[in-house]
Amino acid sequence: MKQRILFVCLGNICRSPAAEAMLRVLTERAGKADSVEIDSAGTYGGHSGERSDPRMRRAAAARGIEMTHRARQVREEDFDRFDMIIAMDDNNYEALFRLAPDREAQQKIFRFREFLSHNPDWSCIPDPYYEG
């Protein structure tokens, strides 16, 4: 059975599509691309349909990662479709909790930092759109 993972940031043009693209590359390299469905979305819909921020695309390309995602807003059906919904920071984590249709859906929401073994002091993934 496929593991379905959704990464979420505010506008879905920097952090979450980068996480999506990086996990795609890692699963492909591990030969597990067929066992994982990966997507990203934003809690804010103002960038819907846009490509990722050009600075993020350049940073990814410099690392051999292609970002082709178009921004979209989180939808209620995402809580049914995905097994894990991973928020890039506390504000989006809290927004996801408010958007979740029920307690079962809330149990699918995680903070990205929960998966960081190399830098446990990070409280969030900084937003490069505003912070450079």
Side-chain angles (χ1 to χ4, degrees):
M1 185 162 86
K2 270 191 178 185
Q3 175 79 24
R4 292 173 170 85
I5 301 168
L6 179 68
F7 293 101
V8 178
C9 66
L10 181 62
N12 192 218
I13 59 170
C14 292
R15 297 171 290 173
S16 58
E20 172 192 349
M22 286 186 286
L23 186 56
R24 282 185 197 285
V25 168
L26 292 172
T27 57
E28 286 169 10
R29 287 180 185 165
K32 298 187 183 269
D34 292 338
S35 64
V36 182
E37 179 183 335
I38 308 160
D39 196 4
S40 64
T43 55
Y44 164 72
H47 293 290
S48 291
E50 294 179 20
R51 293 188 65 199
S52 298
D53 184 90
R55 296 170 295 173
M56 185 59 75
R57 290 195 319 264
R58 283 192 302 273
R63 292 161 177 82
I65 299 170
E66 183 180 8
M67 295 179 64
T68 60
H69 180 82
R70 293 279 179 171
R72 71 174 186 86
Q73 190 169 14
V74 172
R75 300 180 292 258
E76 187 171 331
E77 58 264 23
D78 289 331
F79 291 94
D80 290 327
R81 181 176 165 206
F82 292 95
D83 304 308
M84 298 176 71
I85 300 174
I86 303 173
M88 305 309 281
D89 62 32
D90 288 339
N91 289 336
N92 288 293
Y93 179 83
E94 292 166 9
L96 286 166
F97 257 75
R98 289 190 300 275
L99 292 168
D102 54 36
R103 198 165 279 289
E104 183 180 335
Q106 289 175 334
Q107 292 177 341
K108 296 179 177 186
I109 303 168
F110 300 87
R111 289 174 175 89
F112 190 90
R113 72 172 180 238
E114 295 176 47
F115 302 95
L116 297 176
S117 59
H118 68 281
N119 199 340
D121 294 335
W122 282 17
S123 62
C124 68
I125 303 302
D127 190 344
Y129 188 80
Y130 295 108
E131 299 172 28

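Since this is a predicted model, take the numbers as computed values, not measurements.
R57 places a side-chain N or O within donor-acceptor distance of the main-chain N or O of S52, the cut-off being under 3.5 Å. Within the 3.5 Å criterion, the main-chain N or O of A33 finds no donor-acceptor partner in the side chain of E28. No donor-acceptor pair closer than 3.5 Å links the side chain of D53 to the backbone N or O of I13. Without hydrogens or angle criteria, Q73 side chain to T43 main chain gives a donor-acceptor distance under 3.5 Å.
Between A41 and L6, the closest heavy-atom pair is N-CD1, 3.9 Å. A pairwise comparison of heavy atoms in C14 and M67 identifies O-CE, 4.3 Å as the closest pair.
Using a 4.5 Å cut-off on side-chain heavy atoms (C-beta onward), I38 and H69 make no contact. Considering only heavy atoms from C-beta on, F79 comes within 4.5 Å of L99 through its side chain. With a 4.5 Å cut-off on side-chain heavy atoms, R70 and R51 count as touching. Here the side chains of R15 and N92 are in contact, with some heavy-atom distance below 4.5 Å. Residues M84 and F110 are in side-chain contact: their nearest non-hydrogen atoms beyond the backbone lie under 4.5 Å apart. The closest side-chain heavy-atom distance from P17 to N12 is below 4.5 Å. Side-chain contact between V36 and I5 is present, with at least one heavy-atom pair separated by less than 4.5 Å.
We find the CZ-CZ distance between F97 and R103 to be 8.0 Å, quoted to the nearest 0.5 Å. One finds the CD atom of Q107 at 9.0 Å from the CG atom of D102 (value rounded to the nearest 0.5 Å). Taken from CD1 in I109 to CD in E94, the straight-line distance is 11.0 Å, to the nearest 0.5 Å. Rounded to the nearest 0.5 angstrom, R111 CZ and L96 CG are separated by 10.5 Å. Atom-to-atom distance recorded for E37:CD and D83:CG is 9.0 Å, nearest 0.5 angstrom.
Summarising the local packing, CD of E76 is surrounded by 12 or fewer heavy atoms from other residues, nucleotides or ligands at distances under 6.0 Å. Other residues, nucleotides and ligands place no more than 12 heavy atoms under 6.0 Å from the CD atom of E104.
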Open item on the list: Using side-chain contact (heavy atoms from CB on, under 4.5 Å), reason through D39 and R81 one step at a time and then give a plain yes or no.
Closed with: CA-CA 11 Å; D39 196 4; R81 181 176 165 206; 4.0 Å; yes
TODO: Tell me, with the steps shown, if R24 and E20 meet salt bridge (charged side-chain N to carboxylate O under 4.0 Å, His left out).
DONE: CA-CA 6 Å; R24 282 185 197 285; E20 172 192 349; 2.8 Å; yes
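Using bins of under 30°, 30° to 60° and over 60° for the plane-to-plane angle, the ring pair Y44/H47 lands in the perpendicular bin.
F7 and V25 end up in different hydrophobic clusters when Ile, Leu, Val, Met, Phe, Trp and Tyr side chains are linked at under 4.5 Å. Both Y93 and V8 belong to a single network of hydrophobic side chains, linked directly or stepwise wherever heavy atoms of I, L, V, M, F, W or Y lie under 4.5 Å apart. Hydrophobic clustering (side-chain heavy atoms under 4.5 Å, transitive across Ile, Leu, Val, Met, Phe, Trp, Tyr) keeps L26 apart from I65. Follow the hydrophobic side-chain contacts under 4.5 Å out from F82 and you reach V74 in the same cluster.
The pair K108-D78 does not count as a salt bridge, with every side-chain nitrogen at least 4.0 angstrom from each carboxylate oxygen.
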